[in-house]
Structures are given as C-alpha cells and as structure tokens.
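A short worksheet on the structure shown next.
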Amino acid sequence: MPTSVLCVVGTRPNLIKAGPLMRELRRHPEAFRTRLVHTGQHYDRNLSQLLFEDLGMPEPDLNLGVGSGTHAEQTAKVMIALESTFQSERPDLVVVFGDVNSTMAGAIVAAKLCVKVAHVESGLRSFDRTMPEEINRIVTDHLSDYLFVSERSGLENLSREGIPDAKVFFTGNIMIDSLLATLDVVKQSDVIERLHLSPRQYAVMTLHRPSNVDDRETLAGILQTMRAVAARTPIVFPCHPRTRHNIERFGLGGHLSASLILTEPLGYTDFCRLTYESAFVLTDSGGIQEETTFLKVPCITMRDNTERPVTVTIGSNVMTGNDSARIIAAVDAILGGRAKAASIPELWDGHTAERIVEILKGI
Ligand code: UD1
C-alpha cells in the first residue's frame, strides 16, 4: 500500500516550498498517495491562486477557507478544520512547511491524532520570541517526527533543544528547488518592461513583518527612510495587504515618495525576475533573504535578527534593523560598489525535494 501523504499549505511562502515536494512525491505513485490541503490562511488571488499558476502546482484537493483573524482565532479555525480533514482522510503522514500559523496548527492536530508529522524547513531560530513565527517553529519542530533542515544552523539548534539526531535530516533548501525549476520562465517575465525599469537601475522592497508595519511610528520611519533611498534609486514596492491596510489606517499615504513604485503583490515569476535584475533588495521577509543569496543580489534585511544566519555568514545579506542610518549606510555601500561578496550555501542546489522523498520512501 502506498503511504498516504497530506501536504498542508496556508500562505504564499508555503506554496513555494510545497510545489517541488508535491511534484516529486507524485512522481512516485507506487510509494505515495499524495494530496494537498490549503487552509485558506491566504486567500487573495495575488497571494494564493497566482502562485499556483506560476509554480505549475495542482489545485488543492481541499480548501478549508479559514481566512484571517487574530493569532488564536486563525490557529483555532485551522485546527478545527484540519481535525475533521485528517479524521476523514486518515493520512499516514502530514507534511507541513515553514513557520506560519497553518504550519503549527497542522503539526498540533496531526500529533494529537497520532499521525506522523514531517516538517520541511525545520530548525531555523531567530531567538526572538516576539516573532509569531518563532513560536510556530519551536512548537512544530518539537511535535515533528521527520525534521528536514535547510541550513546547518538548524542542526545545531535542534540538537541544543534535545531533539534526537535520528529524526533530523539535512536536506537543503527547498525554495531553491522552486527557483531553479522556474528560472527559464522567470527570465521571460516582462515585469521590468511593464514597469519601465532598466536592469540594475532600481531596488525592490518588501515589508510585512508586524514589528515593522503594525506600529505607526515605526512604519512612518521606514517610509521616510525609503524616501531618502528612492531619491537615489527608484524602489519597486509590491505591497502586502497587511502593510497596505496599515498605511491607509495610519494615514501614511503622504509618506510615499514619487520614486516608490507601489504595486500589488506580484506573482512568483514576476517577483523573481524583478529581484534577479535589481541593484539590491530591501526586505523583512525570510524567504527573500534566501532567494537573494542564491541569486547573489545584495540584500538589506530590515530586522534585528535572522533565523537564516547562513544568508549573512556566506550569503549576500546584511542586517540593519529598521534604523535609518544603518539602512542608508548599507545602501551607500552597495551603490558605492562595496556590496559584500557572497557564495551559495551547501545543498541549495535544486535537489532538496528528491532528498526528502528518498528519506520518506524508507519510513
Ligand atoms: C503570514 C505569516 C508570515 C509570512 C507571511 C507571508 C503567520 C503568523 N504569519 O503573515 O510568517 O511571512 O504570511 O506573506 O502565519 N490579508 C489579506 N489577504 C490575504 C491574506 C491576508 O488581505 O489573502 C490581510 C488581512 O488583513 C490579514 C493580514 O493580511 O489580517 C495578515 O494576514 P495573516 O495571514 O494573518 O499574516 P501575514 O501578515 O500574511
């Protein structure tokens, strides 16, 4: 009997991680019966459906449509919906990805139903428990039976927390599988032409962390810093709905500079081409720190810590927090030809899904 596998996704970054694994699992129908459940944590077309299309992913077998809410509300709604799903589908294995609320909810429900849990992108730690994702990572890892780690820091973190080595596998970064699989299509995106930009003559910014966008003064400060940066280099700003709502709610529309090119959230291929051709990226995202490292595009991360330290130690990433002077100094270094030299981390090679599936075949 094939192993019955249920992959759980909820948000945009989950889809980027699940795509390659779904594809690889379905290449082995003799070993796995694979289904995809979307919790509906992200529901806007640009954050969800567009990604399915860009990544060539099959439609989810089930969509639970939970939507937004406070952390407890959203997590609880996902848990209730997943409990009845797992009870009716009776999977042998539940796979969860990354660190979002849907990830933790899936791990808790599966563990309590005594269903085995695999966590893809395990072991990352920011050591900052004010980040909701850090709580999600810790809970998910401690409930998982198979922990697939993307960078070596994850091995040390899990070992320090007492997780047995036998459960932990260093399989590499599955986001890079997605990037490499779509690179030819990415290069054909016409996003730069649509926005009337020239390669290396613009920067890209993304901003959605609660610590940067949920407080009026902090968000106003970042937008003001961006005015100074945009005076030197146009900045494309695909704006996450959380951030857009807050700019409106706080009345900060006037802080947006004319050189800040505000767009809707972009699809995967458009966003990757935009990144690939940019002079540099400013972000507070996790995944974008990794994509820029792989593409060797300078990245300025407007956070005080990162759960992905390899992007700083050997990749193209520098951390500035949301401090204006540090951000400007980092921009100066890049525009002055002093961007840091970067290499690609170990096992970020496009074969992570294959390595995970080989391990899952043996369970
Ligand atoms: C979530 C993840 C975060 C991840 C991010 C990627 C958690 C705790 N956070 O943050 O780790 O980096 O996704 O994008 O799981 N909204 C819409 N349309 C949507 C989805 C959300 O308008 O399709 C708005 C709603 O106002 C919602 C807010 O965005 O309340 C936040 O959405 P939510 O899913 O709670 O968190 P994100 O900020 O997207």
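All ligand and atom numbering here is 1-based and tracks the order in the structure. The basis for the numbers below is simple: all heavy atoms, side chains too, and nothing from hydrogens, waters or symmetry mates.
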Ion pair check, [X] and [Y], cut-off under 4.0 Å:
X      : Y      : value
Arg137 : Asp99  : yes
Arg273 : Glu193 : yes
Glu151 : Arg308 : no

Over 12 non-hydrogen atoms of neighbours within 6.0 angstrom of CZ in Arg90: no
Scan side-chain atoms only and decide if Asn317 and Thr301 contain a donor-acceptor pair under the 3.5 Å cut-off. yes
List, pair by pair, the atoms of ligand 1 and of the protein that are both N or O and lie under 3.5 Å apart, giving the separation rounded to 0.1 Å.
from: ligand 1; atom 1: 11 (O); to: Glu133; atom 2: OE2; distance (Å): 2.5
from: ligand 1; atom 1: 12 (O); to: His208; atom 2: NE2; distance (Å): 2.8
from: ligand 1; atom 1: 13 (O); to: His42; atom 2: NE2; distance (Å): 3.3
from: ligand 1; atom 1: 14 (O); to: His240; atom 2: NE2; distance (Å): 3.3
from: ligand 1; atom 1: 15 (O); to: Gln41; atom 2: NE2; distance (Å): 2.9
from: ligand 1; atom 1: 15 (O); to: Asn101; atom 2: N; distance (Å): 2.8
from: ligand 1; atom 1: 18 (N); to: Asp44; atom 2: OD1; distance (Å): 3.3
from: ligand 1; atom 1: 18 (N); to: Asp44; atom 2: OD2; distance (Å): 3.1
from: ligand 1; atom 1: 23 (O); to: Tyr43; atom 2: N; distance (Å): 2.8
from: ligand 1; atom 1: 23 (O); to: Asp44; atom 2: N; distance (Å): 2.8
from: ligand 1; atom 1: 26 (O); to: His245; atom 2: ND1; distance (Å): 3.2
from: ligand 1; atom 1: 34 (O); to: Gln41; atom 2: NE2; distance (Å): 3.1
from: ligand 1; atom 1: 38 (O); to: Arg242; atom 2: NE; distance (Å): 2.7
from: ligand 1; atom 1: 38 (O); to: Arg242; atom 2: NH2; distance (Å): 3.4
from: ligand 1; atom 1: 39 (O); to: His42; atom 2: NE2; distance (Å): 2.7
from: ligand 1; atom 1: 39 (O); to: His240; atom 2: NE2; distance (Å): 3.0

Supply the atom-to-atom distance Leu219 CG to Phe250 CZ, rounded to the nearest 0.5 angstrom. 6.5 Å
